[in-house]
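Position 1 is the first residue of the sequence, and the numbers go up from there. Bear in mind the structure is a predicted one, so any value in this text is a computation, not a measurement.
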Amino acid sequence: MTNQTSGKELVSAGHAFAKAISMDTPLIVIAKMVSDLSTRLDCAIARGNALQQERDALAAENAILKSGIGFFSYGTDSGFEEHDSAEEAIAAADSDIDYYRGDACDGWSEETDCTVWGVILQRATMIDERPRTEEDSYLGSHISSVCDYALLPNLTTSATDAFLNSVRADALESFAHQQRVIADALPGHEEQRSNRITACRAEDFAKQLRAPKGDSDE
């Protein structure tokens, strides 16, 4: 497991190093202390760089999810409309609400709740188009080509998925630790066994969540 030295641990090690040095401290001891402090610093820097990369990846995915490939608004009367910006979509939705507001003195229309706006993440897009062949004789004569449709673009949020899995794994590991503490306090062997089995299962699940995508279960 990677040594994830925290900033507090590094500062504590530095203070301990300073206190341990005196005029009588052998050079070999000082050298070992400096080496240990350097190792801790390297680990802290590596961890910081990894966290920065994770943050950048999350920010990039978040930007994609927030902007998508366009924006839309929908109202029962106005129907579905596409827009170039979130501001335009919000304005269109507000316009629909203004329309219903004109009749609000008689009570709000139930259709008002159907007014929405949002981000378009994927669109049904033509794929695998090919010319018609003799094997397609079951198709109408007016059809000259065959194709399929798929929701595009393909969305990948690996950084977000990994982050969320890490949060879930932390919770499972905390739960497993709690179960082991409870097991140690229980009087009966069977009760202890049940809690420890639960802890083991939670730890196994946490391990699966932390495993890189594509790794097979051990």
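Between atom OG of residue S67 and atom CG of residue L121 there is a gap of 9.0 Å, rounded to the nearest 0.5 Å. Note that the CG atom of L58 and the OG atom of S158 stand 9.0 Å from one another [nearest 0.5 Å]. From T198, atom OG1 reaches atom CZ of R196 across 12.0 Å, with rounding to the nearest 0.5 Å. Between D103 atom CG and T112 atom OG1 the span is 9.0 Å, to the nearest 0.5 Å. Between the CG atom in D96 and the CD atom in E111 there is a gap of 10.5 Å [rounded to 0.5 Å]. For the atom pair CD1 of I120 and NE2 of H83, the computed distance is 8.5 Å after rounding to the nearest 0.5 Å.
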Verdict with supporting geometry, S137 and E134, side-chain contact (heavy atoms from CB on, under 4.5 Å): CA-CA 6 Å; S137 58; E134 293 181 358; over 6 Å; no

Derivation of the side-chain hydrogen bond (donor to acceptor under 3.5 Å, both in side chains) call for Q53 and N49: CA-CA 6 Å; Q53 292 176 355; N49 290 338; over 6 Å; no

Checking side-chain hydrogen bond (donor to acceptor under 3.5 Å, both in side chains) for the pair E129/S145: CA distance, chi angles, key distance, verdict? CA-CA 7 Å; E129 184 179 16; S145 64; 3.2 Å; yes

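Counting non-hydrogen atoms of other residues, nucleotides and ligands closer than 6.0 Å to CD of Q52 gives a total above 12. No more than 12 heavy atoms of other residues, nucleotides or ligands shown are found within 6.0 angstrom of CZ on R193.
Nearest heavy-atom pair, Q122 versus N154, reported as atom, atom and distance to 0.1 Å: NE2-CA, 4.2 Å. When all heavy atoms of A92 and S73 are compared, the pair lying nearest together is CB-OG, 3.4 Å. The nearest pair of heavy atoms linking P153 to I69 is CD-CG2, 3.9 Å. The two residues C114 and T76 have their closest heavy-atom pair at CB-OG1, 3.6 Å.
Between I182 and Q179 there is a side-chain heavy-atom pair separated by less than 4.5 Å. Residues R180 and N195 form no side-chain contact, since every pair of their non-hydrogen atoms from C-beta on lies 4.5 Å or further apart. The side-chain heavy atoms of V116 and F72, taken from C-beta on, include a pair separated by under 4.5 Å. Between E173 and R210 the shortest side-chain heavy-atom distance falls below 4.5 Å. Side-chain atoms of I127 and C147, non-hydrogen and from C-beta on, never get closer than 4.5 Å to each other. For the pair L139 and V146, the minimum side-chain heavy-atom distance is below 4.5 Å.
Among pairs with a residue in residues 96-126, none fulfils ring pair (Phe, Tyr, Trp, His ring centres under 6.0 Å), at least two apart in sequence or across chains. Listed by first then second residue, pairs satisfying ring pair (Phe, Tyr, Trp, His ring centres under 6.0 Å) with a partner in residues 134-183 number zero, not counting sequence neighbours.
One hydrophobic cluster, built from ILVMFWY side chains closer than 4.5 Å, cannot hold both L155 and L151; they sit in different ones.
There is a side-chain donor-acceptor pair under 3.5 Å between D136 and T133. Of the N and O atoms on the side chains of D204 and Q208, not one donor lies less than 3.5 Å from an acceptor on the other residue.
The side chain to side chain contact (heavy atoms under 4.5 Å, CB included) test applied to T125 returns R123, L152, not counting sequence neighbours.
With hydrogens and angles disregarded, a donor-acceptor distance shorter than 3.5 Å links the side chain of R132 to the backbone of I143. Under the 3.5 Å distance criterion, the side-chain polar atoms of E88 are matched with a main-chain donor or acceptor of D84.
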